[in-house]
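Here is the naming used below: chain letters follow the sequence lines, and residue numbers restart at 1 for every chain.
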Protein chains: 2
Amino acid sequence: MSGEVRWLTEAEQETWRAYMTANVEFSAYIDRQMRRDSGMPMAYYEILVRLSEADGRCLRMSELARASLSSRSRLSHAVSALEKTGWVTRRPADGDRRGWVCELTDAGYAALAAAAPGHVTAVREKLFDVLTPEQLDALRDIGRAISAGLRQECDAAAAEGCEEEPC
Amino acid sequence: MSGEVRWLTEAEQETWRAYMTANVEFSAYIDRQMRRDSGMPMAYYEILVRLSEADGRCLRMSELARASLSSRSRLSHAVSALEKTGWVTRRPADGDRRGWVCELTDAGYAALAAAAPGHVTAVREKLFDVLTPEQLDALRDIGRAISAGLRQECDAAAAEGCEEEPC
DNA sequence: CCACATAGCTTGAGAGTTCAACCACCCCTA
DNA sequence: TAGGGGTGGTTGAACTCTCAAGCTATGTGG
């Protein structure tokens, strides 16, 4: 590949380890709380939230996938499951006969409303209550920077004409 | 429950969303890189790393579970899989006849050595290269604070005699 | 207007995770 | 020393996720 590997220094390893450990533990905690108290994984809750925020409480599958940070495949399986519990419905999109629209049902909204308090409380206690305002500001900027760095993948290559592998 | 829910403000929602999005996207990217280039999920890589750092390249199952941020059950399944590929072996622990010791094999060490460069490169490019030194320092402290907050769960209750639910 | 590439979404199979038992053993106490 | 609770670890089933097709519909160059 492209030259030598830039290994992590001791200090960098500590940072990396602290970040990664917190990530794993925190998301495990949040996901566990959601499963235990509301019987659904966080990924499903995320889908319901995105739908509830959308106009008419419905979204095209592809948009819902992007909004809920999910792959098309994953979303498809998840929506099938949510359909079985009666929390969403699926209908053909008008205009493009390939597309489908997913809509949050009243039962789905009720489930979301029931799950929200416990979830928000967990997030507040385990994130906002343990960090200073300065740390929270920093965390927001850090999060944005990381996301931006990940997105710029093919963007950069595409902008330059994609000399390397096609994206 | 204990009073009203402390909902998130607009600003807090932005912070939460930025943090959570970065987490999901980043860990998905790292895990995907590992699966694609080395044929194992990050959780397995983590197990191999912890073993490689241990004395004699072996650890008790319970210690390995803690070190690799994994539940007992998950580790048990994972080690079964890693045993099949020949990357680790399991043998009874001496002293405690309930216990088992997991040991990294030479093949396992080779697999780890092969996987490390790609992994470290991904982490450097997508984390260390996109953040400033100040942000990295902040991230380390933030990570520690979050982990500490999660750990203090039953600790506090236990210290006070656990008046509420038994842990 | 006909290929042919691409977009939108689904499906099936295999892999990994979670949860709730479960077994075997250790340790403490009566 | 027998009972009983706690620890170490495994197992199976249900569930979720990933990957690689696959299928239908759109759009585009000839």
- List the atom of Ala65(B), the atom of Leu75(B), and the distance in Å for their closest heavy-atom pair. N-CD2, 3.5 Å
- Item | Considering all heavy atoms, the nearest Tyr29(A)-Ala122(A) contact | CE2-CB, 4.1 Å
- Query: So which of Cys102(A), Ser70(A), Cys58(A) actually passes side chain to side chain contact (heavy atoms under 4.5 Å, CB included) with Leu64(A)?
  - Reply: Cys102(A)
- Donor-acceptor under 3.5 Å (Gln135(B) side chain, Thr132(B) main chain): yes
- Members of residues 71-89 of chain B that approach DNA chain C, where some heavy atom sits under 4.0 Å away: Ser73(B), Arg74(B), His77(B)
- Name every residue in residues 107-120 of chain B that has at least one heavy atom under 4.0 Å from any atom of DNA chain C, in order of residue number, or write none if there are no such residues. none
- To the nearest Å, give me how far apart CZ (Arg90(B)) and C1' (dT10(D)) are. 8 Å
- Task: Could you tell me the separation between the CZ atom of Arg91(B) and the C1' atom of dG8(D), rounded to a whole number of Å?
- Result: 16 Å
Please produce a list of atom pairs where a protein N or O lies less than 3.5 Å from an N or O of nucleotides 2-4 of chain D.
none

- When you check the gap from the basic side-chain N to the acidic O, do Asp129(B) and Arg6(A) get nearer than 4.0 Å? yes
- Are Glu63(B) and Arg72(B) close enough for a salt bridge, meaning some N to O gap below 4.0 Å? no
- Message: Under a 4.0 Å threshold between the charged nitrogen and the carboxylate oxygen, would Glu14(A) count as salt-bridged to Arg144(B)?
- Response: yes
- Protein-nucleotide distance (Asp31(B), atom CG; dT16(D), atom P), rounded to Å: 19 Å
- Between Arg36(B) and Asp31(B), is the closest basic N to carboxylate O distance under 4.0 Å? no
- Query: What about the rings of Tyr19(B) and Phe26(A), do their centers lie closer together than 6.0 Å?
  - Reply: yes
- Message: For DNA chain D, which residues of residues 32-64 of chain A approach it to below 4.0 angstrom with any heavy atom?
- Response: Pro41(A), Ala43(A), Tyr44(A)
- Query: Does the side chain of Arg90(A) pick up a donor-acceptor pair with the side chain of Ser80(A) at under 3.5 Å?
  - Reply: yes
- Between Glu46(A) and Arg74(A), does at least one N-O distance fall below 4.0 Å, as a salt bridge requires? no
- State the CG-OG1 distance between Leu82(B) and Thr89(B), to the nearest 0.5 angstrom. 11.0 Å
- Hphob cluster co-occupancy, Met20(B) + Met34(A), side-chain heavy atoms under 4.5 angstrom: yes
- Task: Mark yes or no for whether Ser38(B), through its side chain, and Arg35(B), through its backbone, hold a donor-acceptor pair below 3.5 Å.
- Result: no
- Does a sphere of radius 6.0 Å around CZ in Phe128(A) hold more than 12 heavy atoms from other residues, nucleotides or ligands, not counting ones at 6.0 Å or beyond? yes
- Task: Starting at CH2 of Trp16(B), measure out to CG of Leu139(A) and round the result to the nearest 0.5 Å.
- Result: 10.0 Å
Output one line per pair: protein atom, nucleotide atom from nucleotides 24-27 of chain C, and distance, for all N/O pairs under 3.5 Å.
residue, atom, partner, partner atom, Å
dC26(C), OP1, Arg97(B), N, 3.3

- Message: Using C1' atoms of five pairs at each end, report the bend of the helix from dC1(C)-dG30(D) to dA30(C)-dT1(D) rounded to 10 degrees.
- Response: 10°
- Say whether, by atom type as modelled, one donor and one acceptor occur between the side chain of Arg124(A) and the main chain of Trp7(B) under 3.5 angstrom. yes
